[in-house]
Each structure stands twice: as C-alpha cells, then as structure tokens.
Number of protein chains: 2
Amino acid sequence: MNLDTKYWYLRDHKLFSVLSSSELKSICMITNFKTARKGEIILFSHDENTRVYFLKKGTLKIVEIDEKGNEIVKDLIQKGDIFGEFTLTETQSDEYAVAVSDNVICCSFRMDDFEQMLEKNPQLGLSYTKWMGFRFKRLQSKYSNLMFKDVRTRFMSFLEEWASKEGTASADEVTLKNYLTHQDIASLICSTRQTVTQLFNEFKEKGILDYSRTEIILKKTA
Amino acid sequence: MNLDTKYWYLRDHKLFSVLSSSELKSICMITNFKTARKGEIILFSHDENTRVYFLKKGTLKIVEIDEKGNEIVKDLIQKGDIFGEFTLTETQSDEYAVAVSDNVICCSFRMDDFEQMLEKNPQLGLSYTKWMGFRFKRLQSKYSNLMFKDVRTRFMSFLEEWASKEGTASADEVTLKNYLTHQDIASLICSTRQTVTQLFNEFKEKGILDYSRTEIILKKTA
DNA sequence: TGAGTTCGGTCGTCCAGCCGACAATACAGA
DNA sequence: TCTGTATTGTCGGCTGGACGACCGAACTCA
C-alpha cells in the first residue's frame, strides 16, 4: 500500500484530526496496514513488539479460546475503535481478532513508536487519553451491568447499545444488520446460547422486537 | 495548607516524578487538598466542575447506594491511586468516597486544569496514559473474573491481590490488616455477606487462612 | 443438487449461591 | 458496667439460568 492511500486513511480518524498534514505524513511512514475478509483472523503478535491497532473500516470481534475449546467473544471492535493495547491480558492467552464483516481495514503502530508520537504531540496525547477514558467508562458500565442486572436486562441493554451505534432508525423501529450468532451474543452478555434464543423469542412474542438470521428489528415503545 | 507542604506531598507521587521542581511548584498553585478521618466522606461534587483526585495517603472505598438503600462497595482506592474521573458513571448516582483508614490525605485538580497540565507536559501525559492503561487492565481482569470464575475463586483472587498490595509477609504467611467487613468484601467480589462468611470459615477449616475481626492471615502453601 | 456443517429452537434436569430469618458475638458510648 | 448497634455465624428454602441432549432449518461448498 502506498503512502498516499495511507495518508487518506489516517486523515479522517478522529484521533488524528488534531495533527497537521505534514505531521500526519510522517506518521504514515511508520504505520502498517492490513486488510481482511469476513472470517479472516488478524493476529496479535505476542512474540514481536506489541502493537496498537486502529480499525479503519469494518467490524471485528475479539475472541478467546478457553480450555474446553469454546470460542468466547470478549469484545466487538467497530470502525474507528482502537484495540490491541489493553485487550491483551497478562496471561498470554489464545486471544485474537476475527473479521465479522468484509473489507476490514486496520492499521497498526509499534507500541514504542506510538508512545513517541504521543510524547511529541501533546494534543494527540490528550486526545488519546480522552479516548481511553471513554473506553474505561464503557467497560465499567459493562461491569456493573454484569454485577447488578439479570440476563434479561443485560440482553436488552446490549441490543439497545448496539442499535444506537449501528442501527438505522425509522419512525417507530430500529433495524440492525445482524452479523452475530446467538452464541456470539451469549458470550458478549455473559450467558448461554439457549438463554439468548429463549430471550429472542420471548421478546418477539411480546412484540418488542422481530428478527431473522440477518436482521434484528427493535420496536420503539414509548 | 501552605504551598511548601503541598509541594512535598506531590513530589513523591510516581506520576509527578517526571516533572522538574519548578513545574511542580506551579502545579501546587492549582491543587486542592483535603484530609479526612475514618468514616468521613469525601464528596464528588457533581454540580461544580469535575475534578481529578489523587490519594496521597490512606485508603478509601468508593461506595454507591442502590435503590434499596444498600451500600455497594464499588472500588478500593489506595495510596497513590487516581480516582474520580471515570469512577463517575453517566447516570449521576449516589456515589461517593468514604475513608476507611485514618489520616486520609488526597488532593484534587479541576478537570480542565489537569488537562492543560497534560497538554503542556507531554511526559506527564504519557505517564498518565500508562497509568490509565494499567487501571484498564485491572478492570478488565475483574470483569473476566466475574464472567468465568465462581465465587470461591473470586474470593481467593481478591484476597491474594489484597495481600500482594498491602500484606506484610513472613516466612510462610501474609498478614493483612482487615478494615473491611464481610459485607464490604461481598460487594467487592460481587457476592453476599453470608457467602463470604461461609468461605472464610471453609478456608479456615482447610487451614488455608486464619482470621479475626482485625486481621486476615493467609498461609502460603506451596 | 446433495452432503456436511453450522445455527436456531425447545425441553428437562440440576445446582451455586442468593435471600430471609434469627442467634451469637463484638464493640462503642454513656 | 450496662445497653444499643454493628458485625459475624448458621441454616433451609428457593430459583435463575447453566448445561446436556436432540431435532429441524439454513447455509456452504463441490
């Protein structure tokens, strides 16, 4: 991939908007780009230097394989998200990112390069700090959801959050393109496949939502 | 409190170690110090500008009151920790910090002052960013503990972490000064008072630990 | 177009741990 | 020293939701 393309990719990321175009160009030199199609795996390289990743386009899921060989979805990464740095747990586990949409593009920096960038660019540093704060808050709310809410509530909050991020809303409903299996959703809300299926049908019955394999439609109820 | 005292207080905080003494002095001007005794409450002021807090000395617990009036301990803040910025959930809940030890000293900055500091001081910014990353990791590990481990395991990890931070170790045991009630521990590991009591006695029986109201002694077992 | 694989639907069983209730103890303040 | 309050100890009942099992439906790939 040539520098020009890189330049345009980085340019419209919120995080880099504080940089001048010459600063941005010099950053392009040290970026690494990767593209992937649905189902492909983007590896975190544990061996070499740690890297910071920016998802430019598409959607990823961070999965981990537990001792029984089950795939646990730990997080969803969407366009614009930063990942890799802290997603890595101390115990070097079998954790990696899988593309769930086509045309995934992400770029990465070596951790130390990135740190240097932050140091040279206070603006960028602040921007990054705020970003992290935001993510911290989200994790915290996930945590307290898990602590205090039952599965039913977690399921609904999950759908609502999802809808607010990716849904296309009409007058009285929000439509979501569904690229997750019940299994995926289950591990995201920390439950089981069967329970998720049950909840889908329960809510469908109540008229709160409708769904097929490819779509989820949330009815807006006042 | 005079500037000199402030200066010495800030000086040996890890975060500020990257600053020169003149930089540090100028920061002293904008800090606010508070002291508290056991049981006293340090309020987060929701109304005025958000503040960032640094705990200089002592221990705090962040508690929240739920709808039934129960006190839920959300976090423990120890000497050197930063708090306030993200502990605040979006829903302005009844959340505040309570001193659990005597001689608590903490200082705070207005959020915008702090941001300016970070911007002016890339070194400090980077230092702060790393700090946050560390906290993020901890929260993440708490989260996956809650997801995948049973109460028994969470209880033990909690004790182990506590011991590693505050315990005084001897040849074959670690002693902890216990300032938490079973109730407190329960909400920290997301369980109930009764279960915590049970676990304490179960492990005591097994000879893994010993405890009284004021002390917890963890036996080191190879 | 058919065989293999993954995903969704449903049921019955089972248990960790929550919850209420109450007793025993420790502790603090007068 | 006495009394009220906070903490700890213990028990049984109860239940949310995990888990295994099994089947049909949908998707995929040759």
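First the proteins, then the strands, lettered A, B, ... as listed; each starts at 1. What you see below is based on every heavy atom in this structure, not just the backbone, and it leaves out hydrogens, waters and symmetry mates.
Near-neighbour residues of DNA chain D inside residues 173-193 of chain A, defined by a heavy atom below 4.0 Å, number-ordered: A/Cys190, A/Ser191, A/Thr192. For residues 194-208 of chain A, proximity to DNA chain C is found at A/Gln194, A/Thr197, A/Asn201, defined as any non-hydrogen atom under 4.0 angstrom from a strand atom.
Remark: C1' of C/dG17 and CZ of A/Phe148 are 17 Å apart, rounded to the nearest angstrom.
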May I have the list of side-chain donor-acceptor pairs in residues 167-175 of chain B shorter than 3.5 Å, sequence neighbours left out?
from, atom 1, to, atom 2, distance (Å)
B/Thr168, OG1, B/Thr175, O, 3.4
B/Ser170, OG, B/Glu173, O, 3.4

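The terminal axes of the helix from C/dT1-D/dA30 to C/dA30-D/dT1, fitted over 5 pairs per end, subtend an angle of 60° to the nearest 10°.
Between B/Ile77 and B/Tyr53 there is no side-chain heavy-atom pair separated by less than 4.5 Å. Residues B/Leu176 and B/Glu215 are not in side-chain contact: their nearest non-hydrogen atoms beyond the backbone lie 4.5 Å or more apart.
For B/Lys177, the NZ atom sits in a loose shell: 12 or fewer heavy atoms of surrounding residues, nucleotides or ligands are nearer than 6.0 Å.
Without hydrogens or angle criteria, A/Thr59 side chain to A/Ser101 main chain gives no donor-acceptor distance under 3.5 Å. For the pair A/Arg154 (side chain) and A/Lys149 (backbone), a donor-acceptor distance under 3.5 Å is present. At least one donor-acceptor pair under 3.5 Å links the side chain of A/Glu40 to the backbone N or O of A/Arg37. Although no hydrogens or angles enter the test, the distance criterion places no donor-acceptor pair under 3.5 Å between the side chain of A/Ser187 and the main chain of A/Ile72. Using a distance-only test at 3.5 Å, with no hydrogens or angles considered, no donor-acceptor pair links the side chain of B/Arg51 to the main chain of B/Asn32.
Under the side-chain hydrogen bond (donor to acceptor under 3.5 Å, both in side chains) criterion, A/Ser191 pairs with no residue at all, not counting sequence neighbours. B/Phe109 meets the ring-ring contact (aromatic ring centres under 6.0 Å, His included) test with B/Phe54, B/Phe114; sequence neighbours excluded. With sequence neighbours left out, B/Lys165 forms a side-chain hydrogen bond (donor to acceptor under 3.5 Å, both in side chains) with B/Gln78. In this view, A/Phe203 and A/Phe155 satisfy the ring-ring contact (aromatic ring centres under 6.0 Å, His included) rule, not counting sequence neighbours.
The list of salt bridge (charged side-chain N to carboxylate O under 4.0 Å, His left out) pairs with a residue in residues 53-63 of chain B, not counting sequence neighbours, reads B/Asp12-B/Lys56, B/Lys61-B/Glu71, B/Lys61-B/Asp184. The ring pair (Phe, Tyr, Trp, His ring centres under 6.0 Å) analysis of residues 161-180 of chain A, with sequence neighbours excluded, yields the pairs A/Phe158-A/Trp162, A/Trp162-A/Tyr179.
When heavy atoms are screened at a 4.0 angstrom cut-off, B/Phe155 is found touching no nucleic acid atom at all.
With a cutoff of under 4.0 Å to any heavy atom of chain A, the contacted region of DNA chain D is bounded 5' to 3' by D/dG17 to D/dA26.
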Shorter than 3.5 Å, N or O on both sides, protein versus nucleotides 26-29 of chain C: list them out with atom names.
none

